[in-house]
Amino acid sequence: MKLTKDCAVIIAGELVASQGGSQSVEILASSVEVTGFVENPDTYPVSPKRHTVEYLREHAHLRIRTNLISSVARVRNTTSIAIHEYLQQNGFQWIHTPLITASDCEGAGELFKVTTLDLNNIPKNDKGIVDHKQDFFGREAYLTVSGQLNLETYCMGLSKVYTFGPTFRAENSNTTRHLAEFWMVEPEIAFATLMDDAALAQGMLKHVFKTVLNKNSDDMNFFAQFIDKSVVTRLESMVNDDFEMLSYTDAIKRLEASGKSFENPLYWGVDLASEHERFLCEELIGKPTIVTDYPKDIKAFYMRLNDDNKTVAAMDILAPGVGEIIGGSAREDRHDILVSRMKDAGIDHEMLSWYVDLRRYGSAPHAGFGLGLERAVSYITGVQNVRDIIPFPRTPKNAAY
RNA sequence: GCCUCAGUAGCUCAGUCGGUUAGAGCGACGGACUGUUAAUCCGCAGGUCGUAGGUUCGAUUCCUACCUGAGGCGCCA
């Protein structure tokens, strides 16, 4: 009998202490049954050699058989459970917000349309426009880009809530940190300020890092050996140190004072480019950095306007190596200001009347954030492309498997 | 969406300033060895050089288009 890598076998025998070097036990086999041989070891994609992640990605149904991808899968599992753990221990309720949504104006990127209309024979109304009255929902529908707006309604009833599930963006993004389908956790807290929000985000990340270090030390040592030497020490220092926090205004000042010249323009009012964010958190600060209080014109309509009338109570958490992993804010809880900001943003507030209602019937200050699961696991493991963090990545022009 | 790079053996790459038999490492295969764990030693096989056109006496090498992959930017998580 000739066994090659990844043949499937059922082995019966006695489990005994091993005389071998780095293993504690082994099986003295009394029978070996092969349930599946590997047809052609020469062309079998996952041969016993080092493979690039790009190559493995093209064989996504087999790559879980490598120690890299299986380590990633285990850390992804631990990360997901640790997020639930932390939020549950802190009194949050997990809310299953809808994946199909009717509002196309949530301000977080392009949406995938959901329709059952016959695309080869699209019904039009008398104005020549697609007649969505004949569509499944009787109106236009989309895959969600964020559960936040729905979540806010439950926040006004249950106080501490979160949603955690898949999210969809139809952006034509071709980078190592974007997916068309990804998982996001979004907590929302009532009677909370931006500082409460930041504290929750930091507490949650620290709990996740600590849990992964405890539960997946073998996996983390593997990443340290083959991916990035610093992953373990980086997480350890993360658990012990507090994140750096500074305002957008101070971030601009720090960047200007550094004397570094950037490709992209840098002045108060412009959004920070990737190079600015990276230089700030990787070079100037050297650890996760919370940037707060951005100019209102570069942020979403639902973020709470500060007293200076120029900035909003928003925060981004930047991680060295991956950039933004969390985006959050205090929400605009004042009816008139919200409506006026929606008008400025060109959003029809009739479409979101239910959202505006929350500010008419017992409005309360509240805040929340979104954490991209794949970006978090990318940061933890040092595996740089989120396409290797999710089992079957969906990106522009790629939905195989 | 924009910019750049790449596509040669199962994989990772080298190479051909256009010209008879295209190289290496790893893997596979055959054998030896073995308390090995992303081992060691010996041997051996394996390639219409991404696809389609074009230039040329002749193209894997030059040109064009397309396809695929990667990286950077923008968008964000």
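Residue-level contact check: Phe369(A) touches neither bases nor backbone, having no heavy atom under 4.0 Å from any strand. As judged by a 4.0 angstrom heavy-atom cut-off over every strand, Ala376(A) is placed among residues making no nucleic acid contact. Residue His178(A) is in base contact, counting any heavy-atom pair closer than 4.0 Å across all strands shown. Using a 4.0 Å heavy-atom distance criterion, Thr43(A) is classed as a sugar-phosphate-only contact. Using a 4.0 Å heavy-atom cutoff across all strands shown, Lys299(A) reaches no nucleic acid atom at all. No contact: Leu373(A) has no heavy atom under 4.0 Å from any strand. The residue Tyr55(A) sits close only to the backbone: its heavy atoms come under 4.0 Å of sugar-phosphate atoms, none of a base.
For the C1' atoms, the distance linking C49(B) with A22(B) amounts to 8 Å, nearest Å. Here, A6(B) and C11(B) have their C1' atoms 16 Å apart, quoted to the whole Å. For A65(B) and G23(B), the P atoms lie 33 Å apart once the distance is rounded to whole Å. Rounded to whole Å, the C1' atom of C13(B) lies 22 Å from the corresponding atom of A59(B). Nucleotides G71(B) and U34(B) are separated by 44 Å at their C1' atoms, to the nearest Å. G53(B) and C44(B) have their P atoms separated by 40 Å, with the value rounded to a whole Å. Remark: the separation of the C1' atoms in U68(B) and G50(B) is 8 Å, to the nearest Å. Taking the P atom of each, A39(B) and C26(B) are spaced 11 Å apart, rounded to whole Å.
Rounded to an integer number of Å, the gap from CD1 of Ile298(A) to P of C76(B) is 9 Å. To the nearest angstrom, P of A77(B) lies 12 Å from CD1 of Ile317(A). In this structure, Leu3(A) places its CG atom 16 Å from C1' of A28(B), rounding to the nearest Å. Remark: P of C76(B) and CE of Met184(A) are 13 Å apart, rounded to the nearest angstrom. In this structure, the CG atom of Asp6(A) is 13 Å from the C1' atom of G27(B), given to the nearest Å. Counting to the nearest Å, the P atom of G10(B) and the OH atom of Tyr44(A) are 17 Å from each other. A77(B) atom P lies 14 Å from atom CE of Met204(A), rounded to whole Å. Distance NZ (Lys5(A)) to P (G27(B)): 13 Å, rounded to an integer number of Å.
Salt bridge annotation for Asp131(A)-Lys124(A): absent, with no cationic side-chain nitrogen under 4.0 angstrom from a carboxylate oxygen. Using a 4.0 Å cut-off between charged side-chain N and carboxylate O, Asp348(A) and Lys343(A) make no salt bridge. Ion pair Lys296(A)/Asp344(A) not flagged as a salt bridge, since none of the NZ, NE, NH1 or NH2 atoms sits closer than 4.0 Å to an Asp/Glu carboxylate oxygen. A salt bridge between Asp333(A) and Arg359(A) is absent, with no side-chain N of the basic residue lying under 4.0 Å from a carboxylate O of the acidic one. With respect to Arg331(A) and Asp197(A), no salt bridge is recorded, no charged nitrogen being found less than 4.0 Å from a carboxylate O.
Both distances falling under 3.5 Å, in either a Watson-Crick or a G-U wobble arrangement, occur for no nucleotide opposite U20(B). Using the Watson-Crick or G-U wobble rule with both distances under 3.5 Å, A70(B) pairs with U4(B). Shown here, G25(B) forms a base pair with C11(B); the pair counts as Watson-Crick or G-U wobble because both key distances fall under 3.5 Å. Pairing for A52(B) goes to U64(B), judged as Watson-Crick or G-U wobble with the two contacts each under 3.5 Å. Pairing of U37(B), defined by two Watson-Crick or G-U wobble distances under 3.5 Å, is not identified with any nucleotide. Base pairing of C44(B) is not made with any nucleotide, judged by Watson-Crick or G-U wobble geometry with both donor-acceptor distances under 3.5 Å.
Note that CZ of Arg177(A) and CD of Glu374(A) are 14.5 Å apart. Values are rounded to the nearest 0.5 Å.
Close to A28(B), at under 4.0 Å from its OP1 or OP2, lies no side-chain N or O of Lys49(A). Using a 4.0 Å cut-off, no side-chain N or O of Arg278(A) falls inside it from OP1 or OP2 of G72(B). Contact between the side-chain N/O atoms of Thr52(A) and the OP1/OP2 oxygens of U12(B) is found at a separation under 4.0 Å. For the pair Ser274(A) and G74(B), the criterion of a side-chain N or O lying under 4.0 Å from OP1 or OP2 is met.
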Step by step, would you call His84(A) with Tyr162(A) a side chain to side chain contact (heavy atoms under 4.5 Å, CB included)? CA-CA 9 Å; His84(A) 279 298; Tyr162(A) 68 105; 2.6 Å; yes
Please step through side-chain hydrogen bond (donor to acceptor under 3.5 Å, both in side chains) for the pair Glu152(A) and Gln148(A), ending with a clear verdict. CA-CA 6 Å; Glu152(A) 284 186 48; Gln148(A) 181 197 319; 2.9 Å; yes
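By the 4.5 Å heavy-atom criterion applied to side chains, Phe222(A) and Asn67(A) are counted as neighbours. Side-chain contact between Ser329(A) and Lys299(A) is absent, with no heavy-atom pair separated by less than 4.5 Å.
Of the residues near RNA chain B, Asp42(A) and Lys2(A), the one whose nearest nucleotide (by heavy atom distance) lies more toward the 5' end is Asp42(A). The residue among Val386(A) and Asn67(A) whose nearest nucleotide of RNA chain B lies closer to the 5′ end is Asn67(A).
With hydrogens and angles ignored, no donor-acceptor pair under 3.5 angstrom links the side chain of Arg177(A) to the base of A77(B).
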What pairs of nitrogen or oxygen atoms, one from the protein and one from nucleotides 66-70 of chain B, lie under 3.5 Å apart?
{"from": "A70(B)", "atom 1": "OP1", "to": "Arg57(A)", "atom 2": "NH1", "distance (Å)": "2.6"}
{"from": "A70(B)", "atom 1": "OP1", "to": "Arg387(A)", "atom 2": "NH1", "distance (Å)": "3.2"}
{"from": "A70(B)", "atom 1": "OP2", "to": "Arg387(A)", "atom 2": "NH1", "distance (Å)": "3.3"}

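Both geometric conditions, a ring-centre gap below 5.5 Å and a plane tilt below 30°, are not fulfilled together for Phe226(A) over the base of A38(B).
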